[in-house]
Amino acid sequence: MKQIISRQDFIKEYLEFFKSKQHHHIPSSSLIPENDHTVLFTTAGMHHLVPFLIGQKHPLGKRLVSVQKCIRTDDIDEVGDPFHHTFFEMLGNWSLGDYFKEDAIKFSFEFLTNVLKLPKEKLAVSCFAGDTDSPKDEKSEKIWLSLGIPKERIAFLPKVNNWWGPAGETGPCGPDTEIFYWSAKTKTPKSFNSEDERWVEIWNDVFMQYEKTKDGKYSPLQQKNVDTGMGVERTLAILNNLNDNYQTSIFQPIIKEIESISNIKYGKNKSDTRAMRIIADHIRAAVFILGDERAIIPSNIGQGYVLRRLIRRAIRYGKLLGIKENFTLKIAKVIIPTYPDYQELQRNHKFISEQLNEEELRFNQTLEKGLKKFREIATDNLISGKEAFLLFQSYGFPIEFTQELANEKGIKVDLEEYNSEFQKHQDLSRTASAGMFKSGLADDSEATRKLHTATHLLNEALRRVLSPDIKQKGSNITPERLRFDFNFPRKLTQEEIKKVEEVVNTIIKKSLSVKREEVPLQDALSSGAQAEFGAKYPELVSVYTIIDKDEKQGWYSKEICTGPHISNTSDLGHFKIVKEEAVAAGIRRIKAITE
Ligand code: SER
């Protein structure tokens with residue numbers, strides 16, 4: 001086995017290998033997928049490549065290789081063991097209708113055994129067992145056999161194990177073949193048992209050849225693709241003969257910093273070690289979310305809510321380690337230099353620090369009181385939804401956080417009542433379990449539809465009054481007000497605010513109609529529709545246009561957007577900006593209403 005110590009060296013080997021097989025390197029996409037409202041974060045490289053998996057031509061060709069930053073929140077409760085992470089990096093090679101099973105498997109095998117020099121004797125694989133949607137994958141088995149993987153090291157498993165995708169509810173997916181490595185120091189067993197956790201999955205070759213449709217059917221795609229995924233943290237641990245990802249060079253500086261802040265040795269005590277891993281993992285994920293090219297801040301909605309949960313959970317585990325001082329920032333400072341290849345982290349380091357610090361200060365103000373309240377409440381074997389909501393509303397305890405505290409005491413939380421309490425208060429928050437709202441809207445009521453249209457008017461007005469370079473950086477709408485974040489380096493003057501209001505109100509008074517149409521993405525973009533920078537869109541998008549015959553181009557505003565909107569601006573009433581403030585360096589926030 002080749003010992004590769006650093007993350008950079010390992011990634012370099014991977015990229016070079018696939019470049020030598022004519023793959024083009026594409027940069028990692030944002031952690032926030034666009035136009036897929038069924039997921040909050042990018043969980044794999046495929047999110048951003050969907051258009052190309054279903055037939056659109058990729059400008060760099062049919063063979064791609066990537067290192068994708070991913071967040072999987074499903075695993076949050078598992079974090080604390082040696083292998084699970086919320087944030088991780090995934091290496092992937094892609095065939096967009098080019099090579100298929102034979103080459104994909106041979107490339108994987110060659111890279112593992114020739115480049116990384118993993119002994120073939122320690123490998124095992126699984127293939128898709130077949131069902132009514134897709135046949136048994138005997139082709140992959142044949143290829144593995146031809147490479148010298150013995151029959152007893154090949155398992156056939158059902159869809160729950162050997163099928164990947166779609167990333168959201170619908171889209172490209174297919175059977176896969178997964179590669180496992182015997183991680184224990186003991187002798188490798190003759191046959192493969194997928195239930196034995198000492199067989200660690202290191203690579204997944206997915207044969208993306210179906211599209212899951214809305215009605216739950218699998219229809220063949222017009223091209224057969226390959227999408228592979230290999231976890232950096234996990235494989236690096238294996239290459240260094242470690243059975244704990246947190247002992248790799250990726251995590252060691254972070255763990256050392258936590259040791260020095262807490263004065264506790266990693267690995268000495270089970271619960272402290274778990275706490276240290278949680279802190280390392282969560283702060284690393286928070287750094288990447290805050291540092292993402294799409295500005296995300298801790299909030300009570302969507303990605304911001306997950307971010308808040310991660311930071312607050314890390315802070316609580318810090319308290320459990322006895323850390324008295326504010327510490328998240330110190331850890332972030334060690335994490336950022338570990339990733340010189342993600343320039344967004346360097347670029348946004350000030351923003352990351354500010355946000356972490358603010359969130360920690362905010363939470364520290366209520367944490368102790370909240371914990372006291374929790375202890376008062378937690379005397380029974382059930383915490384009511386109302387009580388859980390109080391902890392959320394007044395002490396900033398995310399519901400999952402309360403559930404975790406309750407769990408530790410063997411107490412249940414009435415989640416149903418909490419959810420209805422939550423709805424009742426028309427709160428903006430949304431939990432992963434409570435489902436997601438479209439377009440940053442808290443609901444689809446008439447009031448939010450109006451404010452959504454007003455948001456488009458505002459977006460364009462800002463471009464006209466301040467700068468054509470203004471881009472939306474976030475939007476959140478409730479029946480009471482709109483909130484709009486955008487890039488601008490300084491505070492707006494009173495005059496500018498007045499001017500923006502005037503532009504919007506003039507458009508409202510003109511009684512312009514709002515038109516929705518479905519058009520191919522390219523047509524939308526070339527017609528001048530606003531799209532978010534760096535966002536991935538499906539081939540067909542809906543475009544909302546506010547028609548204005550007085551304008552040269554025939555419209556006042558045009559945006560790619562999922563809606564919904566009102567049909568005429570005259571329904572809006574008078575537009576008023578009620579607040580203008582900074583949310584971060586270079587990002588302003590406007591709150592506005594219509595009366
Ligand atoms: N999408 C697949 C996975 O996440 C392969 O990249 O495992």
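Note that the structure is a prediction, hence the values are computed from the model and not measured. When a ligand or atom number is given, it counts from 1 through the structure's own listing order. No hydrogens, no waters, no symmetry mates; every other heavy atom, side chains included, goes into these values.
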Please could you name the atoms of ligand 1 that [X] approaches to less than 4.0 Å, counting only its heavy atoms?
X: Val206; answer: 2 (C), 5 (C)
X: Gly229; answer: 5 (C), 6 (O)
X: Ala44; answer: 1 (N), 4 (O)

Protein contact of [atom] - nearest heavy atom, named by residue and atom, plus distance:
atom: atom 7 (O) of ligand 1; value: Asn204 ND2, 3.0 Å
atom: atom 4 (O) of ligand 1; value: Arg72 NH2, 2.9 Å
atom: atom 1 (N) of ligand 1; value: Asp227 OD2, 3.1 Å

Legend entry - Arg284 bridged to Glu233 by N-O distance under 4.0 Å: yes
Inset, instruction - Verify whether one side chain among Tyr339 and Glu344 offers a donor that lies under 3.5 Å from an acceptor in the other. - result: no
Legend entry - Ser194 versus Trp199, side-chain donor and acceptor atoms under 3.5 Å: no
Legend entry - Heavy-atom side-chain proximity of Leu118 to Ile202 below 4.5 angstrom: yes
If we set the cut-off at 4.0 Å for heavy atoms, which region of [X] has an atom near ligand 1: side chain, backbone, both, or neither?
X: Thr228; value: backbone
X: Met90; value: side chain
X: His47; value: neither

Legend entry - Heavy atom of Met230, distance to ligand 1 below 4.0 Å: no
Inset, instruction - Say whether, by atom type as modelled, one donor and one acceptor occur between the side chain of Asp205 and the main chain of Glu178 under 3.5 angstrom. - result: no
Legend entry - N/O separation below 3.5 Å, Thr43 to ligand 1: no
Inset, instruction - Would you indicate which of Trp94, Trp164, Trp203 comes nearest to atom 3 (C) of ligand 1 when only heavy atoms are counted? - result: Trp164
Inset, instruction - Validate the cation-pi geometry between Lys136 and Phe156: distance from NZ or CZ to the six-membered ring centre under 6.0 Å, angle to the ring axis within 45°. - result: yes
Inset, instruction - Assert yes or no for the condition that the ring centre distance of His23 to Tyr99 is strictly below 6.0 Å. - result: yes
Legend entry - Candidate list Trp164, Phe207, Trp163, Tyr210, test ring pair (Phe, Tyr, Trp, His ring centres under 6.0 Å), partner Phe128, passing option: Trp163
